[in-house]
> 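Input: one structure, supplied below.
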Amino acid sequence: MPSRSRSLQFAALAAGAVLAVTGCNAAAKTDGAGGSAPKDAKAFTLITPDPVGQNEFLKLAVTGAEAAAKAHGGGAPKVFQSSDAASQQQNLKAAVDAGPDVVVLVGFEFADAVAQQAQAHPDQQFLMVDACTQKTFPNVSCAVFREHEGVFLAGAEAGLLSRSGKVGAVDVLDTPQFRRYSDPFAAGAKHAAKDPGKVRASTRFVGGQSPFDDSARAKEQAGSLISDGTDHIMAAAAAGNYGVFEAAKAKGAFAYGVDVNQCPAAPGTVVDNVVKRTDVAVEQGIAHILGGDAGKTVSYGLKEGGITLTGLGDDVAASQCVIAEHEDVLKQVAALRDEIVSGKLKVDDPAAV
């Protein structure tokens with residue numbers, strides 16, 4: 001898929017489902033020469049796990065690094081784009097050797113390597129986005145997201161729009177981390193529906209040998225939900241989301257995307273998306289480090305602007321999302337967002353311990 005579901009893959013790390021990053025490769029791509037800057041200007045290097053290209057999730061991270069550089073008097077940040085596990089390692093080593101004020105890394109792929117580098121280079125500051133090292137280090141800051149808050153709002157849209165009263169989710173695996181994309185969807189639907197008692201929610205799991213990249217299996221699971229009367233589905237199947245969209249489109253049902261705006265992939269079928277603002281996490285994370293508040297994990301949700309819905313953005317009219325046609329629903333969802341931000345409404349986190 002053009003933009004991998006980073007949050008779903010990070011959850012796999014918590015579930016023990018990913019491999020450590022190893023190897024070395026000279027094929028890494030570097031962008032940004034830095035340019036001239038005042039002597040007291042700060043320097044930042046951003047490392048991505050994949051080529052940025054049209055990956056909106058990673059493009060937002062670049063935007064955040066650029067905003068931080070501008071705010072702190074630096075030139076353009078260096079952006080090291082990785083292409084595989086080997087180049088991820090190579091890019092990290094090159095960034096540390098250059099010694100910028102902060103090395104920013106997006107994704108779980110870097111967790112083990114950052115732990116090694118942080119211990120070997122205690123004076124180098126690291127910012128991990130959408131992931132964290134298993135062990136805490138005074139020079140490693142982490143920015144994670146409260147995805148369940150946005151999923152709850154998407155569920156509220158489903159509860160207000162569903163005609164059958166049946167909503168569901170196609171999730172990657174049956175673990176607490178992944179249930180952040182299904183349980184809150186059901187809770188939001190029941191909270192917003194005119195008759196909560198009539199709302200029924202079901203979840204199907206992709207599973208198998210390739211749970212993150214099995215579009216056929218995801219499509220099959222979505223089809224199973226739709227055959228049972230479900231008309232609104234939270235698609236949390238990583239690369240399999242397109243299978244969910246295909247099933248929904250073929251049978252006249254609706255789906256919801258994750259991480260970025262996936263509505264253009266299936267106009268008229270995708271209602272809205274739970275968006276993670278990596279630009280916010282990068283810019284604010286760097287500010288925390290430079291302000292002397294390093295070595296901590298900061299959670300970004302609706303209140304911090306780190307989580308939102310495409311429908312709540314200024315460009316919803318051009319988003320190709322179905323929700324753009326339902327201003328009345330968006331007003332109710334915006335009110336729910338405000339209640340969550342103020343603390344009046346609490347969304348349960350299935351992954352909380």
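Keep in mind that the numbers below use all heavy atoms, side chains included, and drop hydrogens, waters and symmetry copies.
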> Please give me the minimum heavy-atom distance between Ala61 and Val106, naming the atom from each residue.
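Minimum heavy-atom contact is CB-CG2, 3.8 Å.
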> May I ask you to decide whether Asp171 forms a salt bridge with Arg179, counting only side-chain N to carboxylate O separations under 4.0 Å?
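No.
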> Hydrogens and angles aside, do Ser319 and Asn261 bring a side-chain donor and acceptor to less than 3.5 Å of each other?
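Not at all, the side chains of Ser319 and Asn261 share no donor-acceptor pair under 3.5 Å.
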> Report yes or no: do Asn241 and Gln262 form a side-chain donor-acceptor pair below 3.5 Å?
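Their side chains do contain a donor-acceptor pair, which is all the 3.5 Å distance test asks for.
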> Less than 4.0 angstrom from a charged side-chain N to a carboxylate O is my criterion; do Arg217 and Glu220 meet it?
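Yes.
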> Could you check whether Glu304 pairs with Arg146 (Lys NZ or Arg NE/NH1/NH2 to Asp/Glu carboxylate O, under 4.0 Å)?
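Yes, Glu304 and Arg146 are salt-bridged.
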> In terms of hydrophobic clustering (I, L, V, M, F, W, Y; side-chain heavy atoms under 4.5 Å; direct or indirect links), are Leu312 and Leu161 co-clustered?
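Result: yes, single cluster for both.
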> So does Asp293 pair up with Lys296, basic N to acidic O under 4.0 Å?
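Between Lys296 and Asp293 there is a salt bridge, with a charged N closer than 4.0 Å to a carboxylate O.
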> Between Val322 and Val167, is there a shared hydrophobic cluster once you connect ILVMFWY residues whose side-chain heavy atoms come closer than 4.5 Å?
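Yes, Val322 connects to Val167 through the hydrophobic network.
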> Check the side chains of Asp279 and Thr63 for a donor-acceptor pair under 3.5 angstrom, ignoring hydrogens and angles.
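No, no side-chain donor-acceptor contact under 3.5 Å.
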> For this output row, return yes or no: ring centroids of Phe126 and Phe137 closer than 6.0 angstrom.
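No, they do not, as the ring centres are separated by 6.0 Å or more.
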> Have Ser87 and Asp84 got a donor and an acceptor in their side chains that come within less than 3.5 Å?
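Yes, Asp84 and Ser87 have a side-chain donor paired with an acceptor closer than 3.5 Å.
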